[in-house]
Number of protein chains: 2
Amino acid sequence: MAPTSTAFPAPGSDPAAAESATTGLRERKKQRTREALVDAAHRLFLSQGYAGTTVDEIAAAVDVSQRTFFRYFANKEEAALAVMSDAEDHFIELLRARPAGEPPLPAMREAICATWRDFSASHHPAGRGVTAALELVQLIETTPTLLAAHLRRSADQERRVAEILAAREGVDPAADLRPRLLAAVFGAAVRTAHLAWTAGAAARPAEDDGPEGLIAVIQHHLDQLGPALAADWSDTARGI
Amino acid sequence: MAPTSTAFPAPGSDPAAAESATTGLRERKKQRTREALVDAAHRLFLSQGYAGTTVDEIAAAVDVSQRTFFRYFANKEEAALAVMSDAEDHFIELLRARPAGEPPLPAMREAICATWRDFSASHHPAGRGVTAALELVQLIETTPTLLAAHLRRSADQERRVAEILAAREGVDPAADLRPRLLAAVFGAAVRTAHLAWTAGAAARPAEDDGPEGLIAVIQHHLDQLGPALAADWSDTARGI
DNA sequence: GAGATTATGTCAGCCGCTGACATCAGGCAA
DNA sequence: TTGCCTGATGTCAGCGGCTGACATAATCTC
């Protein structure tokens, strides 16, 4: 079984049609099973909790054996984090597509915002995507096992990002610390933004106003990176 | 069974004597068992790998039942990360002790360097501490499960650090993003430094020259935080 | 339609981890 | 010293995540 193809489609395209044209029945079936498993897992995790859901339950919900589940996902976490994983792949693609002259941090900033915009537009119509993302991020942050797995994935992601940055800027990734550092710092800022977003979500109205709320939070965090590193934390030094 | 007391002692003090004076036989025995388990785990993990070592083996090496192991550690990872955990607690103490007027980033810088100096001075004589630390960090970085658990612990650590920073600087931790951001960025930089250190260790002579090598790597990474965030990555802009 | 591929089901089994209960050792007071 | 009380340990049974091996059934290729 080949590894699943990456990311979600660009908005406007029809993924199902494009897929069935290029691939056979076997591949389509596999894709459907995989999506069904992710869906069932997501639903069960949210209603019963992550630890309270057994792999057997997920498999049974899709009418598939437990062994089959583990042929699609290396472990229980992978099923929960599949959507995040797609988003990360999509971010990489968008970052690679940024214009060459753009400085590194702005390039990443644009890529992350576009990632969330594309995310909420695809897969789930009518903005359901952002609500689903919120639920998922909250699930991750409140489940130690999932948080651990997610952070480990993020570390891999940062390695990929560092390589792209080094190539973009034409520096030696072995000698120059800046690519790895910026990738790590960016990852830290985005994760902190996710935390703030999920924490604030309880206070906000429950309606889904698209990805702009989350994007604003991320932008705000990136803006505060400089002030946070500054020696002077008096309010006059902060960009308020 | 009460949670184990924190951190390693200040250099110069005699922990065993101080302990036996204040606590009874029961407590001392528990402490010895715990240390023996950590030691055995460390040794077995390094020789057979983490996944290749069962909890039964560790327990058997200390002549203790598997059930007892799980009364000391919530899971297998915790035994592997116990030393790191002590170091993190010690860092928190040192950060709390930094003078009030000091800016946040320098305070953290001094605290992390002192943490490693104290670490190599205590527990393991003649610099064995740093070699042990190197082996441990390498084990963590090369073992996905351990890396995940370690990163999760780091996230907790960052929350604690953010609270201390907010209190030090007298800002509102709920409204001001800087404490959480700086804690996260600092954590990211230190982890990146650890990675670079372990990667470079293969090329360096195997002799243990104390913690100064690692400390220099960390300092260098902290120095490069500003340049990494800068828009201009030309070498003239970098602080070489 | 026959044969090669590949996904799936079944089964057995290891290992991490936990609750329940019995047992034993250290702490404490009479 | 004796004897009770608290708490650490051992034993046992059992669940759930995860894997290898093999048989079966579905798709693909010609």
Side-chain angles (χ1 to χ4, degrees), chain A residues 1-5 19-37 40-41 44-45 48-82 143-146 148-149 152, chain B residues 1-5 19-37 40-41 44-45 48-82 143-146 148-149 152:
Chain A
M1 194 167 61
T4 311
S5 65
E19 238 175 60
S20 62
T22 56
T23 67
L25 168 60
R26 206 173 232 167
E27 206 65 26
R28 266 178 290 145
K29 241 180 154 175
K30 262 181 11 188
Q31 207 56 36
R32 260 189 297 146
T33 319
R34 190 190 149 89
E35 279 165 27
L37 283 171
L44 288 168
F45 290 159
Q48 318 175 355
Y50 178 77
T53 305
T54 67
V55 171
D56 289 277
E57 285 179 290
I58 303 171
V62 188
D63 211 62
V64 139
S65 80
Q66 192 220 45
R67 194 65 182 85
T68 293
F69 175 94
F70 282 113
R71 279 195 261 256
Y72 280 90
F73 307 100
N75 42 51
K76 205 169 122 181
E77 292 114 50
E78 208 175 291
L81 300 178
T143 309
T145 312
L146 280 185
R152 206 202 73 85
Chain B
M1 198 166 58
T4 311
S5 65
E19 239 176 61
S20 62
T22 55
T23 66
L25 168 61
R26 208 175 228 167
E27 206 65 26
R28 265 178 291 147
K29 239 179 154 177
K30 262 181 12 188
Q31 207 56 36
R32 261 189 297 146
T33 317
R34 190 192 151 88
E35 278 166 27
L37 283 171
L44 288 169
F45 290 160
Q48 319 176 356
Y50 178 78
T53 306
T54 68
V55 172
D56 289 278
E57 286 179 289
I58 303 171
V62 188
D63 210 63
V64 140
S65 79
Q66 191 218 46
R67 193 65 181 85
T68 293
F69 175 95
F70 282 113
R71 280 195 261 254
Y72 280 90
F73 307 101
N75 43 50
K76 205 169 123 181
E77 293 114 50
E78 208 175 291
L81 301 178
T143 310
T145 314
L146 280 185
R152 207 202 73 84

Exercise. In whole angstrom, what separates Lys76(B)'s NZ from dG16(D)'s P?
Worked result: 21 Å
Exercise. Do Tyr72(B) side-chain atoms and Glu35(B) backbone N/O form a donor-acceptor pair below 3.5 Å?
Worked result: no
For this session: Rounded off to whole Å, could you give me the CD-to-C1' distance for the Glu77(A) and dG16(C) pair?
Result: 13 Å
For this session: Would you indicate which nucleotide in dG16(C), dG17(D), dT9(D) comes nearest to any side-chain atom of Thr33(B)?
Result: dT9(D)
For this session: Would you kindly give the CZ-to-P distance between Arg71(A) and dG17(D), to the nearest whole Å?
Result: 17 Å
Exercise. Atom CZ of Arg28(A) to atom C1' of dT27(D): distance rounded to whole Å?
Worked result: 11 Å
Problem set entry | 5′-ward residue of the pair Val64(B)/Ala51(A) relative to DNA chain D | Val64(B)
Problem set entry | Proximity to the side chain of Arg67(B) - top-ranked nucleotide from dG17(D), dG19(C), dC11(C) | dG19(C)
Exercise. Between Phe69(A) and Ile58(A), which heavy-atom pair has the shortest distance, and what is it?
Worked result: CE1-CG2, 4.0 Å
Seminar exercise, completed: From CG of Asp56(B) across to P of dC17(C) the rounded distance in Å is 12 Å
For this session: Taking all non-hydrogen atoms of both residues into account, name the closest pair between Thr53(A) and Leu44(A) and its distance.
Result: OG1-O, 3.4 Å
For this session: Taking only the side-chain nitrogens and oxygens of Lys30(B), find out if one of them lies under 4.0 Å from OP1 or OP2 of dA8(D).
Result: yes
Exercise. What integer distance in Å separates Glu57(B):CD from dC15(C):C1'?
Worked result: 11 Å
For this session: With heavy atoms under 4.0 Å as the rule, sort Thr145(A) into base, sugar-phosphate or nothing.
Result: nothing
Exercise. How long is the line joining CD of Gln66(B) and P of dA20(C), in whole Å?
Worked result: 18 Å
Problem set entry | Minimum-distance nucleotide (side-chain atoms of Arg26(A) versus dC18(D), dT27(D), dG16(C)) | dT27(D)
Exercise. Where is the tightest heavy-atom contact between Lys76(A) and Phe70(A), given as atom of each residue plus distance?
Worked result: N-CE2, 4.4 Å
Exercise. For Lys29(A) and dT27(D), is the shortest distance between a side-chain N/O and OP1 or OP2 below 4.0 Å?
Worked result: yes
Problem set entry | Heavy-atom closest contact (Arg152(B) atom, Pro144(A) atom, distance) | CD-O, 3.2 Å
Exercise. Side chain of Ser65(B): nearest nucleotide among dA21(D), dG16(C), dG10(D)?
Worked result: dG10(D)
Exercise. Would you say a side-chain N or O of Tyr72(A) is under 4.0 Å from OP1 or OP2 of dT8(C)?
Worked result: yes
Seminar exercise, completed: Rounded to whole Å, the CZ-P distance (Phe69(A) to dT10(C)) equals 17 Å
For this session: Output the single nucleotide from dT8(C), dA26(D), dA7(C) whose closest atom is nearest the side chain of Thr68(A).
Result: dT8(C)
